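These notes are about the structure you will find just below.
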Amino acid sequence: RDYESAIPTFQRAIDLYPNYADAWLELGHARFHGALYSPSMSVAERTEQCREAIRVFQDGSDRLRKFREGLTLLDSTQLPIGSDLPFSAHAHNKSLKDLREKLAAGETELFHRISLVYFAIHERENARDWAKKAIEGPKPTVEQLVLYSQILAELGQQAESAKFFNRAR
């Protein structure tokens, strides 16, 4: 598990294609798991490495959000008059909607990962806030709902926790 050596590869992928969601996820993952599994790191170094993972995940979610918001739906009035270009506004817009959904799912997963890292470094309020953002996404996963439920339980909000645990089942 040499997470440290994977970091430059994911960073290079991001440099080449800044909207590559999986590269952001894996770069943050490598930083987080590097902190968890490196026997030579002190607690302070592990915590700082976790905070770096959080920054990576946040940067990735910001990048994806800006890219998603910049996608423009078109209609035939936006083409030059007399254009001979083969164009289907419907097909174009469907592709963009599909891409937006995929980007939104990537953002949601980044929110979930931020929450996991905060949970690992015992910052329950921050973990709760990011987990809530994750489950507010288009299709929350069982894992996201269970994490949010666990965080709420640890913060003493048992009734609310039970609601999300039951939703996960």
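Worth saying up front: this structure is predicted, and the values here are computed from it rather than measured. Counting from 1, the numbers follow the sequence of the chain as shown.
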Honestly curious: do [X] and [Y] fall in one hydrophobic cluster under the side-chain, below-4.5 Å linking rule?
{"X": "Tyr20", "Y": "Phe67", "answer": "yes"}
{"X": "Leu64", "Y": "Ile135", "answer": "no"}
{"X": "Leu96", "Y": "Leu103", "answer": "yes"}

Heavy-atom pair with the smallest gap, counting every atom of [X] and [Y]:
{"X": "Gly137", "Y": "Thr108", "value": "CA-OG1, 3.7 Å"}
{"X": "Leu110", "Y": "Ser61", "value": "CD1-N, 3.4 Å"}
{"X": "Ala53", "Y": "Val117", "value": "CB-CG2, 4.5 Å"}

Interatomic distance, [X] atom [atom1] to [Y] atom [atom2] [nearest 0.5 angstrom]:
{"X": "His29", "Y": "Leu36", "atom1": "NE2", "atom2": "CG", "result": "9.0 Å"}
{"X": "Asp129", "Y": "Ile114", "atom1": "CG", "atom2": "CD1", "result": "11.5 Å"}
{"X": "Met41", "Y": "Cys50", "atom1": "CE", "atom2": "SG", "result": "8.5 Å"}
{"X": "Lys97", "Y": "Leu99", "atom1": "NZ", "atom2": "CG", "result": "13.5 Å"}

May I ask you to decide if [Y]'s main-chain N or O and [X]'s side chain share a donor-acceptor pair within less than 3.5 Å?
{"X": "Glu52", "Y": "Gln49", "value": "no"}
{"X": "Trp24", "Y": "Pro18", "value": "yes"}
{"X": "Ser161", "Y": "Leu152", "value": "no"}
{"X": "Arg100", "Y": "Leu71", "value": "yes"}
{"X": "Ser115", "Y": "Phe111", "value": "no"}
{"X": "Arg63", "Y": "Ile14", "value": "no"}
{"X": "Arg31", "Y": "Val56", "value": "no"}

A side-chain contact here means heavy atoms from C-beta on lying under 4.5 Å apart; do [X] and [Y] qualify?
{"X": "Leu145", "Y": "Thr141", "answer": "no"}
{"X": "Trp130", "Y": "His112", "answer": "no"}
{"X": "Phe32", "Y": "Arg113", "answer": "no"}
{"X": "Arg167", "Y": "Ser149", "answer": "no"}

Q | Side-chain ion pair, Glu107 and Arg65, N-O less than 4.0 Å | A | no
Q. Thinking salt bridges, do Glu160 and Arg128 make one under a 4.0 Å N-O criterion?
A.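 No, no charged N to carboxylate O under 4.0 Å.
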Q | Derivation of the salt bridge (Lys or Arg N to Asp or Glu O under 4.0 Å) call for Lys133 and Glu136 | A | CA-CA 5 Å; Lys133 286 178 81 166; Glu136 289 171 344; over 6 Å; no
Q. Taking the inter-plane angle between the rings of Tyr37 and Tyr3 on a 0 to 90° scale, is it parallel (under 30°), tilted (30 to 60°) or perpendicular (over 60°)?
A. parallel
(Q) Determine whether Lys94 and Asp98 satisfy the following criterion, salt bridge (Lys or Arg N to Asp or Glu O under 4.0 Å), listing intermediate values before the conclusion. (A) CA-CA 6 Å; Lys94 181 178 178 344; Asp98 291 347; 3.0 Å; yes
**Q.** Residues in side-chain contact (heavy atoms from CB on, under 4.5 Å) contact with Glu123, at least two apart in sequence or another chain
**A.**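 side-chain contact (heavy atoms from CB on, under 4.5 Å) check on Glu123 returns Arg51, Tyr118, Ile121, Asn126.
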Q) So with a 6.0 Å cut-off around CZ of Phe165, is the heavy-atom count from everything else above 12? A) no
Q. Given Arg12 and Leu16, is the side chain to side chain contact (heavy atoms under 4.5 Å, CB included) satisfied, shown in steps?
A. CA-CA 6 Å; Arg12 178 75 174 132; Leu16 292 172; 3.6 Å; yes
Q. Between the side chains of Gln58 and Asp62, does any donor sit under 3.5 Å from an acceptor?
A. no
**Q.** Phe57: partners by ring-ring contact (aromatic ring centres under 6.0 Å, His included), with sequence neighbours left out
**A.** none
Q.
Using the rule given for side chain to side chain contact (heavy atoms under 4.5 Å, CB included), can you reason through Leu147 versus Gln144, listing the C-alpha separation, both sets of side-chain angles and the distance that settles it, and then say yes or no?
A. CA-CA 5 Å; Leu147 177 63; Gln144 292 165 349; 5.9 Å; no
